[in-house]
Amino acid sequence: MKVLFLPEVRQYFHELEEVLFEKEYFGFEDSAVQYVRELIFEIENSLPIRTCKKAPSYFNRYGKDMHYTSFRKNKATQWYVFFTRYRKRDEMIYLVRYISNNHVIAQYL
């Protein structure tokens, strides 16, 4: 199994590091970077084994026939990862198309 990220998602992670530090969610830039790296690591290593749901039609702007699952990072924040699954030869590929958190998209789920 392989987990891949669209370039837009990779860019979002980079911007997230900056926002977390600039808005003072973390006191040190290294802490914000570490938070994002841990989120990416968790997605890459556990997405294929997580329970998922079919994404609501609201999210079709990011891709058709997507599924999503969530990753809780603390009491206040839960990340939602939207992806499509493909089989290429004998390997299952998970393509992450969009990511956001409960503070932004909870009302659409």
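Any value given below was found using the heavy atoms of this structure, including those in side chains, with hydrogens, waters and symmetry copies removed.
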Q: Measure the shortest side-chain to side-chain distance between Tyr68 and Pro56 over non-hydrogen atoms and say whether it is less than 4.5 angstrom.
A: yes
Q) Do Arg37 and Tyr35 meet the cation-pi criteria used here (NZ or CZ under 6.0 Å from the six-membered ring centre, within 45° of the axis)? A) no
Q: Only counting residues at least two apart or in another chain, list the ones meeting ring pair (Phe, Tyr, Trp, His ring centres under 6.0 Å) with Tyr98.
A: Tyr62, Phe82
Q: For His103 and Ala76, indicate whether the former's side chain and the latter's backbone hold a donor-acceptor pair under 3.5 Å.
A: yes
Q.
With rounding to the nearest 0.5 angstrom, report the CG to OG distance, Leu109 to Ser100.
A. 9.0 Å
Q. Do Leu6 and Val96 have side chains that get closer than 4.5 Å, going by heavy atoms?
A. no
Q: Carefully, step by step, assess Trp79 and Leu16 under the rule side chain to side chain contact (heavy atoms under 4.5 Å, CB included).
A: CA-CA 12 Å; Trp79 290 95; Leu16 179 61; 3.6 Å; yes
Q) Heavy atoms, side chains only, cut-off 4.5 Å: are Tyr94 and Lys2 in contact? A) no
Q | Residues Phe83, His67; criterion side chain to side chain contact (heavy atoms under 4.5 Å, CB included); working and verdict | A | CA-CA 5 Å; Phe83 60 93; His67 289 81; 3.8 Å; yes
Q. Between the side chain of Thr69 and the main-chain N/O of Thr51, is any donor-acceptor distance below 3.5 Å?
A. yes
Q: Working to the nearest 0.5 Å, report the span between OH of Tyr86 and CE of Met92.
A: 12.0 Å
Q) Do the side-chain N and O atoms of Arg97 and Thr84 include a donor-acceptor pair separated by under 3.5 angstrom? A) yes
**Q.** Cation-aromatic face contact Arg50/Phe71, 6.0 Å, 45 degrees
**A.** yes
Q: Could you grab the distance from atom CZ of Phe26 to atom NZ of Lys23, nearest 0.5 Å is fine?
A: 14.5 Å
(Q) The criterion is salt bridge (Lys or Arg N to Asp or Glu O under 4.0 Å); which residues satisfy it with Asp90, sequence neighbours excluded? (A) none
(Q) Is there a path of hydrophobic side-chain contacts, each under 4.5 Å between heavy atoms, that joins Tyr80 and Tyr12? (A) no
**Q.** Lys/Arg N to Asp/Glu carboxylate O, Arg85 vs Asp65, below 4.0 Å
**A.** no
**Q.** Neighbour count above 12 (heavy atom, 6.0 Å) for Glu91 CD
**A.** yes
Q) In Å and rounded to the nearest 0.5 Å, what is the CE to CD1 distance from Met1 to Ile49? A) 8.5 Å
**Q.** Hydrophobic cluster identity match, Ile43 and Ile93, side-chain contacts under 4.5 Å
**A.** yes
(Q) Grouping I, L, V, M, F, W and Y whenever their side-chain heavy atoms are under 4.5 Å apart, do Ile40 and Leu20 come out in a common cluster? (A) yes
**Q.** Within the 6.0 Å centroid threshold, strictly below: Tyr58 and Tyr108
**A.** yes
Q) Taking all non-hydrogen atoms of both residues, which atom of Val3 and which atom of Glu44 are closest, and how far apart? A) CG2-O, 3.6 Å
Q: Of all the heavy-atom pairs spanning Arg87 and Arg89, show the shortest one and how long it is.
A: CG-O, 3.4 Å
Q) Is Asp30 atom CG crowded by more than 12 heavy atoms from other residues, nucleotides or ligands, each under 6.0 Å away? A) no
Q) Under the side chain to side chain contact (heavy atoms under 4.5 Å, CB included) criterion, do Gln78 and Lys73 qualify, and how do the steps go? A) CA-CA 6 Å; Gln78 187 161 316; Lys73 293 303 288 176; over 6 Å; no
Q | Between CD1 on residue Ile99 and CZ on residue Phe13, distance to nearest 0.5 Å | A | 4.0 Å
Q.
Let me confirm one number: the CD-CD distance from Gln34 to Glu29, rounded to the nearest 0.5 Å.
A. 13.0 Å
**Q.** Where Glu18 and His14 come nearest, the two heavy atoms and their spacing
**A.** OE2-NE2, 3.2 Å
Q.
Just checking Lys88: does its NZ atom have more than 12 heavy atoms from other residues, nucleotides or ligands closer to it than 6.0 angstrom?
A. no
(Q) Looking at every non-hydrogen atom in both residues, tell me the closest pair between Phe5 and Val9 and how far apart they are. (A) CD2-CG1, 3.7 Å
